[in-house]
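Being a predicted model, the structure only gives us computed values, none of them experimental. The analysis underlying the following values was restricted to heavy atoms, covering all of them including side chains, and did not include hydrogens, waters or symmetry mates. Position 1 is the first residue of the sequence, and the numbers go up from there.
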Amino acid sequence: MNIKTPRFWTMPSRKARLLLPFSALYALGYMVRRAFTVQVKLPVPVVCIGNVTAGGGGKTPMALHIGAMLKEKNIAAFYVSRGYGGRADGPVMVNPERHRSYEVGDEPLLLSQVLPTVVGKNRLQAAQYAIAKGAKLLIFDDGFQNKKIFKDFSFLVVDGTVGFGNGLLFPAGPLRERFSSAVKRAHSIVLINPKQGAIPLPDDRPVLFARTRVTGLAERLQGQKVVAFCGIAFPEKFMATLIGLGARVIEFAAYGDHLHYRHDTLLPLAEIASKEKAYMVTTRKDFVRLPRGFKDKVVVVDIALEFGNPEVLDAQISYIAGLL
């Protein structure tokens with residue numbers, strides 16, 4: 001799968017205006033589906049990590065962080081994911097040693113390194129499968145707009161770097177729904193890399209403020225020549241991270257979101273890196289999609305979240321643990 005995020009999603013444009021009638025149809029269809037959907041309450045608590053934009057909204061870093069916190073409390077939590085970009089219908093338990101990204105998706109491979117992860121195109125079936133396998137709590141990576149399953153606690157994640165793009169609904173813009181409507185269903189707002197006044201924050205919901213920080217070997221890239229590549233929704237964010245590290249980016253290749261890499265895609269970049277004595281670097285999400293022969297040639301830029309008000313998140317995790 002090779003999907004490019006439309007550039008007109010990030011700014012007002014004539015192309016976006018032409019698509020507004022389709023956005024109106026999308027909004028109508030969304031309201032009708034929600035009105036006629038019967039919601040199911042599962043026998044275990046469900047925590048949802050979602051956002052209002054299509055792609056690149058910071059859901060996965062937040063899901064990884066929440067999963068690690070629950071794991072520290074010895075809670076038998078499972079991730080449930082649709083496995084976007086993977087071909088498996090599921091439900092299937094992800095095995096990071098056996099499964100490839102084209103089978104189960106890249107995000108589930110990352111999640112499975114923290115907690116057991118079940119992938120399924122039908123979220124309800126995947127959730128029931130996870131419960132049958134021993135899950136006492138479920139973490140949905142995405143699914144905020146899915147009304148079929150009741151959520152006991154929902155984190156609404158907003159990336160301050162990307163914001164809401166041009167502010168229009170899909171397909172004219174990146175919005176799955178209006179932020180003002182989504183806030184009403186959220187228990188907590190997570191604002192990542194906030195910009196002062198850029199996001200209209202609600203007065204009646206707790207807000208978590210977080211920043212991304214680079215961890216691992218990538219911290220040593222300052223002053224080093226790098227050949228960078230990524231296939232994510234907003235490659236500009238990765239470029240900004242590298243510049244922030246002080247790396248010398250001599251080549252940057254941006255591919256479609258969730259691209260499953262082939263050797264012939266990466267060989268030209270490897271040749272440039274060899275000639276220039278530069279490091280090949282990519283994101284962790286891209287790394288799990290690399291051919292096995294390339295994984296030992298690439299430095300991964302790992303990202304972690306650092307919270308400005310961790311006591312608020314600690315209290316929310318304690319509340320979630322108390323739902324068991």
Would you say [atom1] of [X] has more than 12 non-hydrogen atoms from neighbouring residues, nucleotides or ligands within 6.0 angstrom?
X	atom1	result
K148	NZ	no
D204	CG	yes
Q222	CD	no
K225	NZ	yes
K277	NZ	no

Quick one: salt bridge (charged side-chain N to carboxylate O under 4.0 Å, His left out) partners of K297, sequence neighbours excluded?
-> none
Of all residues at least two apart in sequence or in a different chain, which pass the salt bridge (charged side-chain N to carboxylate O under 4.0 Å, His left out) check with D141?
->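 Not a single residue meets the salt bridge (charged side-chain N to carboxylate O under 4.0 Å, His left out) criterion with D141.
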Rounded distance (nearest 0.5 Å) linking atom [atom1] of [X] with atom [atom2] of [Y]:
X	Y	atom1	atom2	answer
L305	H65	CG	NE2	6.5 Å
R262	L267	CZ	CG	11.0 Å
R123	Q128	CZ	CD	14.0 Å
E103	L109	CD	CG	9.0 Å

Mind running side-chain hydrogen bond (donor to acceptor under 3.5 Å, both in side chains) on D106 and Y84 for me, showing each step along the way?
-> CA-CA 8 Å; D106 49 13; Y84 189 79; over 6 Å; no
Polar side-chain atom of R289 near backbone of L259 as donor-acceptor pair, under 3.5 Å =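 Such a contact is found between R289 side chain and L259 backbone.
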Check whether any side-chain N or O of T37 sits under 3.5 Å from a backbone N or O of A35 as a donor-acceptor pair, and report yes or no.
->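 No, the answer is negative, given that no donor and acceptor are paired below the 3.5 Å cut-off.
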Within the 4.5 Å heavy-atom criterion, are [X] and [Y] side-chain neighbours or not?
X	Y	value
N309	E311	yes
I189	R205	yes
V301	T283	no
L20	L168	yes

is_close_aromatic([X], [Y]), centroid dist under 6.0 Å:
X	Y	value
F238	F229	no
F179	F164	yes
Y79	F140	no

Evaluate side chain to side chain contact (heavy atoms under 4.5 Å, CB included) for H99 paired with V92, printing each intermediate quantity in order.
-> CA-CA 10 Å; H99 285 126; V92 60; 4.0 Å; yes
Indicate yes or no: does [X] engage [Y] in a salt bridge with an N to O separation below 4.0 Å.
X	Y	result
E276	R248	no
E306	R213	yes
R284	D302	yes
E177	R34	no
R82	D89	no

Can you list the steps and then say if R176 with D142 is a salt bridge (charged side-chain N to carboxylate O under 4.0 Å, His left out)?
-> CA-CA 12 Å; R176 303 176 180 186; D142 207 357; 2.6 Å; yes
Verify side chain to side chain contact (heavy atoms under 4.5 Å, CB included) between V227 and Y279, making sure each step is shown before the conclusion.
-> CA-CA 6 Å; V227 172; Y279 291 101; over 6 Å; no
Working for side-chain hydrogen bond (donor to acceptor under 3.5 Å, both in side chains), residues S112 and N95 = CA-CA 7 Å; S112 67; N95 183 337; over 6 Å; no
Using the side chain to side chain contact (heavy atoms under 4.5 Å, CB included) rule, take K285 and I303 through it: C-alpha gap first, then chi angles, then the decisive distance, then the call.
-> CA-CA 10 Å; K285 189 183 290 189; I303 297 294; over 6 Å; no
What's the shortest heavy-atom distance between [X] and [Y], and which atoms?
X	Y	result
I250	A278	CD1-CB, 3.9 Å
G134	F78	C-CE1, 4.1 Å
S23	L169	OG-O, 2.7 Å

Under 3.5 Å side-chain donor-acceptor pair for N193 and T212 | yes
Please name the residue in the list F144, F155, F153, Y319 that meets the ring-ring contact (aromatic ring centres under 6.0 Å, His included) test with H187.
-> F153
Given I199, L208, L156, D159, the one that forms side-chain contact (heavy atoms from CB on, under 4.5 Å) with L191 = I199
K295 charged N/C atom sitting above F287 aromatic ring, 6.0 Å / 45° | yes
Kindly indicate, with the supporting measurements, whether the criterion side chain to side chain contact (heavy atoms under 4.5 Å, CB included) is fulfilled by F307 and D314.
-> CA-CA 11 Å; F307 289 86; D314 289 340; over 6 Å; no
